[in-house]
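To keep things clear, I will list the structure first and then write my remarks on it.
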Amino acid sequence: MASSLTLSAFQIPTSPPYRVNAAIAASQTSREAPDLHFSTPFQLQQLHARLIKSGLPLSSSLPISLTRVAAVCALSSPSDFSYARSVFLLYGDAPSETLLWNTHLNTLSSSPCPGEALALFSRLRFAGVLPDTFTLSFVLKACSRSPLSPLLGRAVHALVEKLGFRSDIFLLNTLVHMYASLGDTASARLLFNVIPAKDVVTWNIMITHYTKEGEMVVAQQLFDSMPERSVRSWTAMIAGYVQWKNPNEALRLFRDMETTGMRPNEVTVVAVLAACADLGELDLGKRIHAFAMQCSLHKNNVRVCNTLIDMYIKCGCLQLARQVFDEMAERTVVSWSAMIGGHAMHGQAEEALELFSKMEEASVEPNAVTFVGLLHACSHIGLLQEGRQFFRSMTQDYGIVPEIEHYGCMVDLLSRAGLLEEARGFINKMPIEPNSVVWGALLGGAKVHKNIEMGEEAIHNLMELDPRNDGYYVVLSNIYADAERWEDVAKIRRMMKDRGLKKTPGWSTISLDGVVHSFVAGESDHPQIEEIHRSLDELLEKLRHRGYVPDTSAVLLDMDEKNKERVLYHHSEKLAAAYGLMNTANGTPIRIMKNLRVCSDCHAALKLISEITNREIVVRDRNRFHSFRHGSCSCKDYW
DNA sequence: TTCCATCTGT
């Protein structure tokens with residue numbers, strides 16, 4: 001026995017930390033119970049030695065716990081099966097041969113290296129052990145998670161048939177899932193179609209696959225025709241619509257789900273919160289938050305909290321996001337990155353940087369996204385030196401290779417700070433191909449600093465990369481207008497016309513009591529539009545007394561000054577703000593979402609409106625948040 | 001002992 005217990009199979013661990021489950025720990029509360037936590041096979045070896053020496057009587061839960069212990073052993077490299085077997089023999093309660101193999105296969109198939117499960121399976125076949133349905137389900141799982149040849153999966157499928165397991169629904173579902181995750185939609189669907197006794201999981205697997213492929217119409221068809229739906233069926237559809245940027249449809253489905261009485265779980269909650277974040281639906285987001293608290297979902301699931309943080313950030317409620325963050329029991333790199341990015345989006349660079357220090361104190365390793373947030377924070381407030389330092393540090397100290405987003409932030413930082421030449425040099429030295437965001441950042445800087453040459457260079461590149469995007473032409477035209485080069489303004493306008501490009505209409509939305517009201521500049525189909533215009537005119541009159549002068553340079557239309565002013569007065573964010581002021585109680589913050597960037601005239605007007613009405617007005621534009629209070633904006637006019 | 005899933009980004 002002693003020799004069979006040699007622990008030479010243990011090597012330096014290559015696997016993530018593992019823990020014996022709580023059941024074993026609980027069974028060992030009295031006597032000189034060893035500390036049963038371990039995270040490496042070496043610690044496990046010591047633990048086992050102590051267990052043997054202690055001569056503890058075996059509780060009924062011990063053998064099965066040892067199954068788990070043995071499964072962990074299999075993860076040592078190279079995995080050794082004989083050790084686990086010897087453990088069972090030692091306790092005189094060896095389970096069947098197949099179960100033993102299955103336990104190992106189960107662990108390996110969901111480990112970071114599923115290929116090991118496949119290797120173990122070939123050893124099982126070589127040893128002449130007969131696989132059962134469990135064995136095959138683990139192997140198929142390993143196949144679907146392994147980049148190895150799909151032929152192997154087909155071979156196992158053949159084995160399923162050969163061994164007579166063709167009516168085992170677990171196996172069939174796993175097979176459908178395997179074909180789907182290997183990208184073989186045709187085989188998955190073929191199998192799905194011929195399974196006579198599909199259960200809800202079979203349907204869910206197929207639906208989930210289609211949603212991941214972006215085939216929402218097919219997914220919806222299957223969803224509509226399935227005989228019964230589980231919470232996962234609903235969640236798959238909702239998450240699919242969120243993923244493919246159709247948050248309205250996601251919320252419609254969620255409301256349908258509610259009417260059926262189906263109870264959302266934490267995954268549903270995550271998907272619905274993401275839809276709320278996309279739409280700025282604060283009211284529903286808050287309701288979901290309350291529901292999550294009621295069910296304690298937020299305590300058990302860090303992703304629920306992370307998504308709550310994101311939802312509050314994108315709805316403009318940084319304080320509430322921070323509150324969720326501060327109250328979390330455990331934070332991952334995602335929680336930190338989301339919160340840092342949130343402060344960045346709201347122009348709070350200091351808070352973002354401070355949070356990063358705290359993150360380091362908490363020994364949470366930052367990732368590429370964390371640095372996007374930090375660089376974003378720096379660029380939004382003009383922290384040039386800090387930004388350069390982060391960019392250096394991310395590679396030097398953290399070994400993170402800069403991605404296109406990081407380059408985008410750096411060009412934004414440099415060009416907004418007026419270092420246009422350096423920004424151009426930076427682009428030219430980039431080891432990856434600059435994209436439209438990078439050139440767009442240079443264009444933005446060129447506009448702020450009225451640099452026509454840089455603007456032209458940027459647009460030259462943008463026309464190749466993203467020729468259908470009208471926004472760039474508009475910016476360049478604004479640069480020309482600023483310099484009073486009207487012929488060039490006209491040239492751009494002609495160019496847009498020739499290419500069939502129309503300026504994307506700006507729209508703004510405001511949500512009141514769960515109803516979304518949207519406003520488009522110059523459009524007047526809102527039932528209260530007369531009233532809104534009257535109210536807005538009164539407001540603008542007051543503004544003029546405070547020295548507000550309309551900035552017509554933002555208007556890219558061929559018309560006289562008077563008409564330009566009219567267009568400007570009816571910009572969508574002004575309409576939305578007026579509507580919000582009319583329909584909410586004094587002191588309530590107004591939250592507006594805009595599809596484009598806030599124009600400079602609206603920015604100036606909203607500052608004054610916040611002052612004379614004594615309201616906080618939060619505007620989420622396509623880039624960031626502007627929070628107008630007491631006559632100034634959180635962006636400190638650096639945007 | 002088994003099948004379906006969730007978060008942060010210019």
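A note on names: the letters A, B, ... follow the listed sequences, proteins ahead of strands, and every chain is numbered from 1. Only heavy atoms go into these numbers, but all of them, side chains included; no hydrogens, no water, no symmetry mates. Just so you know, these numbers come straight off a predicted model, no measurement behind them.
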Contact list for DNA chain B against residues 375-384 of chain A - heavy-atom distance below 4.0 Å
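Residues of residues 375-384 of chain A that come under 4.0 Å of DNA chain B are, in numerical order, His376(A).
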
Protein heavy-atom contacts under 4.0 Å, written 5' to 3' over nucleotides 2-7 of chain B as B (base), S (sugar-phosphate only) or - (none), form the string BBBBBB

Among residues at least two apart in sequence or on other chains, which ones pass salt bridge (charged side-chain N to carboxylate O under 4.0 Å, His left out) with Arg166(A)?
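By the salt bridge (charged side-chain N to carboxylate O under 4.0 Å, His left out) rule, Arg166(A) matches Glu161(A).
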
How many Å lie between [atom1] on [X] and [atom2] on [N], as a whole number?
X: Tyr312(A); N: dT8(B); atom1: OH; atom2: P; answer: 17 Å
X: Leu124(A); N: dT1(B); atom1: CG; atom2: C1'; answer: 15 Å
X: Leu273(A); N: dT8(B); atom1: CG; atom2: P; answer: 11 Å
X: Phe325(A); N: dT8(B); atom1: CZ; atom2: P; answer: 16 Å
X: Asn367(A); N: dG9(B); atom1: CG; atom2: P; answer: 11 Å
X: Phe390(A); N: dG9(B); atom1: CZ; atom2: P; answer: 18 Å
X: Phe426(A); N: dT10(B); atom1: CZ; atom2: C1'; answer: 12 Å
X: Asp412(A); N: dG9(B); atom1: CG; atom2: P; answer: 17 Å

Determine all donor-acceptor pairs shorter than 3.5 Å in which one atom belongs to a side chain in residues 316-330 of chain A; sequence neighbours excluded.
unit_1	atom_1	unit_2	atom_2	d
Arg322(A)	NE	Asp326(A)	OD1	3.2
Arg322(A)	NH1	His343(A)	NE2	3.0

Which residues satisfy the ring-ring contact (aromatic ring centres under 6.0 Å, His included) test with Phe356(A), sequence neighbours excluded?
Phe371(A), Phe390(A)

According to ring-ring contact (aromatic ring centres under 6.0 Å, His included), who are the partners of Tyr407(A), at least two apart in sequence or on a separate chain?
Phe391(A), Phe426(A)

May I have all residue pairs that pass salt bridge (charged side-chain N to carboxylate O under 4.0 Å, His left out) and include part of residues 267-278 of chain A, sequence neighbours excluded?
Lys245(A)-Asp278(A)

Quick test of your reading: applying salt bridge (charged side-chain N to carboxylate O under 4.0 Å, His left out), list the pairs with at least one residue in residues 191-213 of chain A, sequence neighbours left out, ordered by first then second residue.
none

From Thr208(A) atom OG1 to Met237(A) atom CE, the distance as rounded to the nearest 0.5 Å:
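The CE atom of Met237(A) is 9.5 Å from OG1 of Thr208(A), to the nearest 0.5 Å.
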
For the residue pair His104(A) and Phe138(A), is the inter-centroid distance of their aromatic rings smaller than 6.0 Å?
no

Extract all donor-acceptor atom pairs below 3.5 Å that involve side chains of residues 428-447 of chain A and protein atoms in other chains or at least two apart in sequence.
unit_1	atom_1	unit_2	atom_2	d
Asn428(A)	ND2	Arg424(A)	O	3.4
Asn435(A)	OD1	Val437(A)	N	3.1
Asn435(A)	OD1	Val438(A)	N	3.1

